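As C-alpha cells, the structure follows; a few thoughts come after it.
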Amino acid sequence: MERLIIDTDPGIDDAGALFWALSSDAFHIEALTTVFGNVDVDTATANARKIAAVAGRSDLPIWKGASRPLVGEPHFAEHIHRPGGVGFWEYPDPDPHAEVEPDAVRRMIDTVSAPGEVTIMALAPLTNVALAIKLEPEFARSVRRIIYMGGAALTWGNVTPVASANIFNDPEAAEIVIQSGAPLTQVGLDVSRSFALTPDHVRTLWESRSPMGLALCEMIGYPDRQDDPDEMPEWKTEGMHLNDVPCVAYALNPDWFTVRNLRVDVELNGTHTRGQTVVQMIDRWQGVPNVDVLFDIDAQAVADALTASLTAFGTTAD
C-alpha cells in the first residue's frame with residue numbers, strides 16, 4: 001500500500017482524481033495539502049473538505065498551503081471550473097468556520113522525514129513542493145517519488161501555446177522541483193489530452209447513484225444542463241476531461257502508459273514561452289535525464305477502471 005500526500009487545488013479534475021484515490025485500497029492517504037491554482041487556496045481547502053466528506057473521510061488531515069506563486073500573481077481557472085471550483089456541484093462545506101493554518105509545507109516536510117516511504121502526488125502548481133525542497137535539504141532525497149500533473153512534451157499548452165496550467169502558474173517552483181534530484185514522473189498534457197470519460201461513462205456514474213459518481217456528474221451539470229450549448233460544451237461532445245486522473249492511474253498501474261526517461265527543464269524568461277517544459281526528445285544535447293515522462297495512455301482502460309471504482313464505492317457522506 002503506497003503512502004500518499006496529495007497536493008491539490010480542487011478543481012473538477014482534482015475531484016475525479018481524489019475520488020479515485022480515496023476509493024482505492026492501493027493507497028494510504030496521509031493528508032491532502034491545498035494550494036492556489038484552479039481557485040484561491042481558501043476555496044481549494046473548502047473543496048477538499050467537501051470531497052473528503054463525500055468519500056467518507058472527514059477524518060482526513062487537510063493542510064492549507066501557498067496562496068500565491070513564488071514570483072508574480074496567480075492565474076485562476078474559474079472560466080473552466082466556475083467560481084466555486086467544482087462546477088455546478090452544490091454541496092455544503094462540512095466545516096465552514098474552520099480556521100486552517102497555512103502550515104502545509106512544514107507538515108509535508110515532517111511526514112516525508114522517513115526516507116523512501118511517502119509519495120507526493122501533485123495535482124496543482126508545485127509551489128508547496130518547491131517550498132518543502134527549499135526549506136528542507138533532505139526532502140528531495142527522502143520522498144519516495146513525486147508524480148506531478150503538468151507539462152507538455154509533444155503537444156501544445158492549455159494556457160499558452162506551449163505551457164500547461166500547473167507549470168505556468170508557478171514556473172519557478174516547477175523548475176526547483178524538476179531540478180531537485182527527487183524521483184519524478186511527469187503526467188502532462190501528452191496523456192491528459194487523450195483521456196476523458198465518455199458520455200457512456202458519465203451516464204454509468206449517474207445511474208449508479210454512488211455519492212462520488214453523482215458528485216462528478218453534478219459538477220458538469222449532468223443531466224440538467226446537457227442541452228445548454230453555452231455551459232461546458234466540450235465536456236458534452238468530447239467527454240468529461242479530467243486532467244488529473246492519469247496521475248492516479250499511473251500510480252495504480254504504470255502498464256497503462258508509455259514512459260521515457262528524459263531531460264526536462266522549465267523556461268522562466270521567454271516572452272512567449274514562460275512556463276514551457278522543454279523536453280529533450282533525443283540525446284543530441286546530452287542533457288542528463290531527470291524525469292520519467294508519460295506519452296501514451298490506455299484511455300479506455302483508465303476510464304473503465306475509474307468508473308468501476310467510483311460506482312462500487314457506496315460510502316455516504318458523514
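Since we're looking at a predicted model, the values are computed, not measured. Along the sequence shown, residues are numbered consecutively beginning with 1.
- Between Ile51 and Phe19 the shortest side-chain heavy-atom distance falls below 4.5 Å.
- Under the 4.5 Å side-chain heavy-atom criterion for ILVMFWY residues, no single connected hydrophobic cluster contains both Val159 and Tyr148.
- Of the inter-residue distances, the one linking Ser142 atom OG with Ile133 atom CD1 reads 11.0 Å to the nearest 0.5 angstrom.
- A side-chain donor-acceptor contact under 3.5 Å links Gln280 to the backbone of Gly287.
- Looking at Val129 and Ile176, their side chains never come closer than 4.5 Å, going by heavy atoms from C-beta outward.
- Hydrophobic clustering places Leu252 together with Leu216 (ILVMFWY residues linked when any side-chain heavy atoms are closer than 4.5 Å, directly or through intermediates).
- A donor-acceptor pair is defined here as one N or O able to donate and one able to accept, closer than 3.5 Å; no such pair exists between the side chain of Ser309 and the backbone of Leu306.
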Assess the residue pair His28 and Leu4 against the criterion (side-chain contact (heavy atoms from CB on, under 4.5 Å)); give the C-alpha distance rounded to whole Å, side-chain angles, the decisive distance to 0.1 Å, and a yes or no. CA-CA 6 Å; His28 177 76; Leu4 292 182; over 6 Å; no
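- Here the straight-line distance linking atom CE of Met212 with atom CG of Leu18 works out to 9.5 Å at 0.5 Å rounding.
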What do the steps show when you test Asn158 against Ser164 for side chain to side chain donor-acceptor pair (under 3.5 Å), and what is the final call? CA-CA 5 Å; Asn158 61 355; Ser164 68; 5.1 Å; no
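- Between Glu2 and Arg145 there is a salt bridge, since a side-chain N of the basic residue sits under 4.0 Å from a carboxylate O of the acidic one.
- Every residue meeting the ring pair (Phe, Tyr, Trp, His ring centres under 6.0 Å) condition with Trp89, not counting sequence neighbours, appears here in chain and number order: Tyr91.
- Separation of the His241 and Phe195 ring centroids does not fall under the 6.0 Å cut-off.
- In terms of modelled atom types and a separation under 3.5 Å, the side chain of Arg193 and the main chain of Trp156 share a donor-acceptor contact.
- Formation of a donor-acceptor pair under 3.5 Å by the Arg209 side chain with backbone atoms of Leu205 is not found in this model.
- Between the CG atom in Asp13 and the CG atom in Leu242 there is a gap of 6.5 Å [rounded to 0.5 Å].
- Using the six-membered ring where Trp is involved, His75 and Phe168 have ring planes that are tilted, between 30° and 60° apart.
- Annotation: the span from Asp25 atom CG to Phe313 atom CZ amounts to 10.5 Å, rounded to 0.5 Å.
- In this structure, Asp170 contributes its side chain and Leu70 its backbone to a donor-acceptor pair below 3.5 Å.
- There is no side-chain donor-acceptor pair under 3.5 Å between Asp190 and Thr155.
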Are Trp20 and Val245 close enough, and set up right, to give a side-chain contact (heavy atoms from CB on, under 4.5 Å), and what steps lead you there? CA-CA 8 Å; Trp20 195 3; Val245 160; 3.7 Å; yes
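- Residues forming a side-chain contact (heavy atoms from CB on, under 4.5 Å) with Thr43 (at least two apart in sequence, or on another chain): Val39, Asp40, Asn47.
- Without hydrogens or angle criteria, Thr8 side chain to Leu123 main chain gives no donor-acceptor distance under 3.5 Å.
- When each of Ile6, Leu22, Thr119, Val248 is paired with Phe27, the side chain to side chain contact (heavy atoms under 4.5 Å, CB included) condition holds for Val248 and for no other.
- Contact check for Asp9 versus Asn166: side-chain heavy atoms found under the 4.5 Å cut-off.
- Note: the hydrophobic cluster containing Val177 does not contain Met121 (ILVMFWY, side chain heavy atoms under 4.5 Å, direct or indirect links).
- The shortest heavy-atom contact between Val288 and Arg263 is O-CD, 2.9 Å.
- Taken from CG in Asp265 to CH2 in Trp285, the straight-line distance is 12.5 Å, to the nearest 0.5 Å.
- Counting heavy atoms from C-beta on, the side chains of Phe295 and Met281 come closer than 4.5 Å.
- Side chains of Glu172 and Glu175 form no contact here, defined as non-hydrogen atoms less than 4.5 Å apart.
- In terms of hydrophobic clustering, with Ile, Leu, Val, Met, Phe, Trp and Tyr side chains grouped at heavy-atom distances under 4.5 Å, Leu154 and Met149 are assigned to different clusters.
- The two residues Pro246 and Asn243 have their closest heavy-atom pair at CD-O, 3.2 Å.
- For the residue pair Thr204 and Thr307, no side-chain donor N or O sits within less than 3.5 Å of a side-chain acceptor on the partner.
- Legend: residues meeting side-chain contact (heavy atoms from CB on, under 4.5 Å) with Pro171, ordered by chain and number and at least two apart, are Val266, Leu268, Arg274.
- With sequence neighbours excluded, the residues forming a side-chain contact (heavy atoms from CB on, under 4.5 Å) with Ile109 are Val105, Arg106, Ala132, Leu135, Glu136, Phe139, listed by chain and number.
- Across Val293 and Ala153, no two heavy atoms sit closer than the pair CG1-CB, 4.4 Å.
- Taking every heavy atom of both residues into account, Ala182 and Val143 meet most closely at CB-CG1, 4.0 Å.
- Side chain of His81 to backbone of Gly87: no donor-acceptor contact under 3.5 angstrom is found.
- Across all non-hydrogen atoms, the minimal contact from Ser180 to Ala140 is O-CB, 3.6 Å.
- Salt bridge status for Arg49 with Asp95: absent, with no side-chain N to carboxylate O gap under 4.0 Å.
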Start with the C-alpha distance between Asp200 and Arg203, add both sets of side-chain angles, then the distance that settles side-chain contact (heavy atoms from CB on, under 4.5 Å), and finish with yes or no. CA-CA 5 Å; Asp200 285 343; Arg203 188 178 307 109; 2.6 Å; yes
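- With no hydrogens or angles considered, a side-chain donor-acceptor pair links Thr198 and His201 at under 3.5 Å.
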Before giving the answer on side-chain contact (heavy atoms from CB on, under 4.5 Å), spell out for Leu262 and Val291 the whole-Å C-alpha distance, their side-chain angles and the decisive distance to 0.1 Å. CA-CA 6 Å; Leu262 299 168; Val291 179; over 6 Å; no
Report all side-chain donor-acceptor pairs from residues 96-103 shorter than 3.5 Å, counting only partners two or more places apart or in another chain.
unit_1: Asp103; atom_1: OD1; unit_2: Arg107; atom_2: NE; d: 3.4
unit_1: Asp103; atom_1: OD2; unit_2: Arg107; atom_2: NE; d: 2.6

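- A single hydrophobic cluster is not seen to contain both Leu32 and Val112; linkage of ILVMFWY side chains at heavy-atom distances under 4.5 Å, directly or through other members, places them apart.
- Applying the salt bridge (charged side-chain N to carboxylate O under 4.0 Å, His left out) test to pairs two or more places apart or on separate chains, those with a residue in residues 108-131 are Arg3-Glu117.
- When all heavy atoms are compared, the tightest approach of Ile62 to Ala52 is CD1-CB, 4.3 Å.
- We find the SG-CG distance between Cys217 and Leu310 to be 9.5 Å, quoted to the nearest 0.5 Å.
- The residue from Val191, Asn290, Val264, Ile167 that alone fulfils the side chain to side chain contact (heavy atoms under 4.5 Å, CB included) condition with Gln186 is Val264.
- Pro94 has its side chain within reach of Lys50: a pair of non-hydrogen atoms, C-beta onward, lies under 4.5 Å apart.
- You'll find the side chain of Phe257 stays beyond 4.5 Å of the side chain of Asp296, heavy atoms only.
- For the side-chain hydrogen bond (donor to acceptor under 3.5 Å, both in side chains) test with Lys64, the passing option among Asn128, Thr33, Thr34, Asp42 is Asp42; the others fail.
- The side-chain heavy atoms of Glu218 and Phe88, taken from C-beta on, include no pair separated by under 4.5 Å.
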